[in-house]
> 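Provided herewith is a single structure, encoded as structure tokens, for subsequent inquiry.
Every chain is numbered from 1, with letters handed out A, B, ... down the list of sequences.
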Amino acid sequence: MLERKFRLNKKQEYKKVFAKGFRYVSRLVVVYIVKGRSVEQSQIGFIASKKVGNAVKRNRAKRLMREVVRQKKTVFKGPCLMVCIARSAITRASFDDVEKSLCYMWKKGGIL
RNA sequence: GAAGUCAGUCAGAUGAUCGCGGGGACAAGUUCUGCAAAGACGUUUCUGAGGAAAGUCCGAGCUCCACAGGGCAGGGUGCCGGGUAACGCCCGGUAGGGGUGACCCUAAGGAAAGUGCAACAGAGAUAUACCGCCGUGGGAUUUCAAGAAUUGACUUCUUGGAUUCUGCGGUAAGGGUGGAAAGGCGAGGUAAGAGCUCACCGGCGGCUAGGUAACUGGUCGGCCCUGCAAACCCCACCUGGAGCAAGACCAAAUAGGGGAACGAUGGAGUGGCCCGCUCCGUUCCCGGGUUAGGUCGCAUGAGGCUGGCGGUAACGUCAGUCCUAGAGAGAUGAUCAUCGCUUCGCAAAGUUGAGGAAUCAACUGCAUUGGGGUAUCUGCGUUGGGGUAUGACCCACGUUGGGGCGCCCCUUGCGUUGAGAUACCGACUGCGAGGAACAGAACUCGGCUUAUAGACUGGCUUCGCUU
RNA sequence: GGCGGCAUAGCCAAGUGGUAAGGCAGAGGUCUGCAAAACCUUUAUCCCCCAGUUCGAAUCUGGGUGCCGCCU
């Protein structure tokens, strides 16, 4: 679990990321990233919709994504706003799969 | 051993590193907010999902509306008795049904209170009469019978019979339909029939015995009795509405103001309606303002565990003991190690087995197919003997005739014993690769229902084998 | 988290115990020189799924599945 101040909490903040961010897609996860001077501190949100599965599967998807972010966030080049959305294939994926997928997209996005 | 049935338990374990939610303690230090108390950062310690947490199908607690009142409507439950805070739940019993059985299933009140529905088919669907059967009246027919008249005969008339048409009456045994046709079946009875009468069976009612009761047994009575109430309905009992996004407090705000309209026979609270109760101005326009705010509710409860006592049981009661999640975009995860469970593969090896094919030998225990022999029965005989008047008959012999059983031998199969302990199979050991379900607390309990890999325990039933 | 509703042919849908109307679309045909329009014929039997009540269920009852809406 991330500390509260590193999380996105409000609906307007999510809307802002969806409106301004760049989108990167993989088989397991979709990521929206906002960089720039206006961002003072990294804030990250996680979404798993009902399409992913029941409550157990949704919680597991969010935990996996959160764990990857926790381990890697010290290596980030700069602060950013980010939303990670789980896709249904993530229910059968392992931690390594999710880590590879996210790192690939972060390199594309230029924050790693 | 296999198959089944009922009841119950568990829901991988231990450890390491990095992390998350909640509670407590600490004060050396640093920074921030603050007058301060204190909070954040920090250190340390304790603790952190389920049997269904799920579906939200019932019942309660709790909160607000009058600590919920009267009536109507609506809804629910429905064999009997008990348990419970309560229930549509549970326990025990009754009746009906299923199963060889252990056992399981059943929304199981009332259809002689009323209304309604029962398509199609069928004569007829809650009462009927189409065909049929019987009686009777009438008509027609006649290679029928009898009698009479006339008589040579034909013929005519009467009566009866037969066939056929039709009117009236009786009947509900039989027909074929249907899910269902007004007790079933047999005998008597009758013109034909019919519970019309009788026996048995079934249903109903009365009396009676047992049982708290559902009901069961006995006895008597007469035969009016279609199904559907998960159709309306009747009877008995229960039921006010909303839900923790309830609700309470704090901060802020709904302000203050202007205009218009309506009005105490009014309006609102009250979410089906009426009464009752409580509150009191209400509505519209102008103008002003705005956030998923914080704290509580919120974790000691109809609580769990162990034991005693009462009860067939559900359950109750007494004593001891334990405190065991509390989030708010929502905490349990990631990476490994060892062990355990389980599936598959490999084996160059080893251990083991109330496992074990083929094979060999013995035993003759059982069975069986075929063959042979023997004895016996029976048939036959240009045979021999006995017997008698002749015969019948008896004995012996012969027979490539027939028959079954007995005995012996061979063959075949099973069995027993021993050898062989090899192929194969199972278990263990070793190595490698996998697998581990359903599913995440959201105010809290009691149930029900649904989902669920696998492992284990006990009772009982049926079948097979061994002793 | 709580509360409520819906499901019938490819689409829109009627049906409230007796064997599933109608329209659009599709297919075939008639008409036409060819089309359009019009007319005729045709497509459900697993009425979302599983049980039960009933002689009989799309309809009534219970359980499940999927979809949609509301709360402040």
> Which residues pass the side-chain contact (heavy atoms from CB on, under 4.5 Å) test with Val25(A), sequence neighbours left out?
Arg23(A), Val30(A), Arg87(A)
> Since syn is defined as within 90° of 0, does rU324(B) count as syn or as anti?
syn
> Using the P atom in both, what is the distance from rU143(B) to rU155(B), to the nearest Å?
11 Å
> Write down the distance between CD1 (Ile47(A)) and P (rG330(B)), rounded to a whole number of angstrom.
11 Å
> If a pair satisfies side-chain hydrogen bond (donor to acceptor under 3.5 Å, both in side chains) and one of its residues is in residues 24-33 of chain A, list it, with sequence neighbours excluded.
Ser26(A)-Ser101(A)
> Say you pick atom P in rC232(B) and the same atom in rG109(B); how far apart are they, in whole Å?
15 Å
> List in chain and number order the residues that pass side-chain hydrogen bond (donor to acceptor under 3.5 Å, both in side chains) with Asp97(A), two or more places apart in sequence or in another chain; answer none if no residue qualifies.
Ser94(A)
> Are Phe22(A) and Val69(A) grouped together when hydrophobic residues (ILVMFWY) are joined by side-chain heavy atoms under 4.5 angstrom apart?
yes
> Taking rU332(B) as the reference, what is the distance to rU47(B) when you measure between their C1' atoms (whole Å, please)?
12 Å
> Between rU239(B) and rA252(B), how far apart are the P atoms? Round to whole Å, please.
47 Å
> Which whole-number value in Å describes the distance from Arg66(A) CZ to rG21(B) P?
10 Å
> Go ahead and name the base partner of rG333(B); Watson-Crick or wobble counts if both distances stay under 3.5 Å, otherwise write none.
rC18(B)
> Determine the interatomic distance between C1' on rG222(B) and the same-named atom on rC204(B); round to the nearest Å.
10 Å
> May I ask which nucleotide in the shown strands pairs with rC233(B), Watson-Crick or G-U wobble, both distances under 3.5 Å?
rG110(B)
> Across all strands shown, which nucleotide pairs with rA60(B) by Watson-Crick or G-U wobble geometry, both distances under 3.5 Å?
rU444(B)
> In whole angstrom, give me the gap between the C1' atoms of rG88(B) and rC237(B).
14 Å
> Syn or anti for rA49(B), given that syn means the glycosidic angle lies within 90° of 0?
syn
> Between rG316(B) and rA113(B), how far apart are the two C1' atoms, rounded to whole Å?
46 Å
> Expressed as a whole number of angstroms, how long is the span from Leu64(A):CG to rU332(B):C1'?
13 Å
> Syn or anti for rG195(B), given that syn means the glycosidic angle lies within 90° of 0?
syn
> Taking atom P in both rA54(B) and rG447(B), compute the distance separating them and give it to the nearest angstrom.
15 Å
> What is the base-pairing partner of rU352(B), counting Watson-Crick and G-U wobble geometry with both distances under 3.5 Å?
rG426(B)
> Counting C-beta onward and ignoring hydrogens, is there a side-chain heavy-atom pair between Asn54(A) and Lys57(A) closer than 4.5 Å?
yes
> Looking at rC279(B), which nucleotide sits across from it as a Watson-Crick or G-U wobble partner, both distances under 3.5 angstrom, or is there none?
rG267(B)
> Tell which nucleotide pairs with rU43(B), taking only Watson-Crick or G-U wobble pairs whose two distances are both under 3.5 angstrom.
rA25(B)
> For Lys107(A), enumerate each residue passing the side-chain contact (heavy atoms from CB on, under 4.5 Å) test, keeping only those at least two apart in sequence or located in another chain.
Leu112(A)
> For Asp97(A) and rU335(B), give me the distance from atom CG to atom C1', rounded to whole Å.
15 Å
> Does rG26(C) sit syn or anti, given that only angles within 90° of 0 count as syn?
anti
> Kindly label the base of rG51(B) as syn or anti, based on whether its glycosidic torsion lies within 90° of 0.
syn
> Closest heavy-atom contact between Leu102(A) and Cys84(A)?
CD2-SG, 4.5 Å
> For rC341(B), give the paired nucleotide (Watson-Crick: N1-N3 plus N6-O4 or O6-N4; G-U: N1-O2 and O6-N3; both under 3.5 Å), or none.
rG435(B)
> To the nearest Å, give me how far apart CD (Glu67(A)) and P (rU17(B)) are.
16 Å
> Rounded to whole Å, how long is the line connecting atom CZ of Arg60(A) with atom C1' of rC20(B)?
16 Å
> Can you tell me the distance, in whole Å, between the CZ atom of Phe46(A) and the C1' atom of rA331(B)?
14 Å
> Shortest non-hydrogen contact from Met65(A) to Ile90(A)?
CG-CD1, 4.4 Å
> With both distances kept under 3.5 Å, what pairs with rA451(B), Watson-Crick or G-U wobble?
none
> Tell me, please, which residues at least two apart from Tyr104(A) pass side-chain contact (heavy atoms from CB on, under 4.5 Å).
Lys108(A)
> Are there any protein N/O atoms within less than 3.5 Å of an N/O atom in nucleotides 437-441 of chain B, and if so, which ones and at what distance?
residue, atom, partner, partner atom, Å
rG440(B), OP2, Ala55(A), N, 3.4
rG440(B), OP2, Val56(A), N, 3.3

> Taking CE from Met65(A) and C1' from rG19(B), how many angstroms apart are they, rounded to a whole number?
17 Å
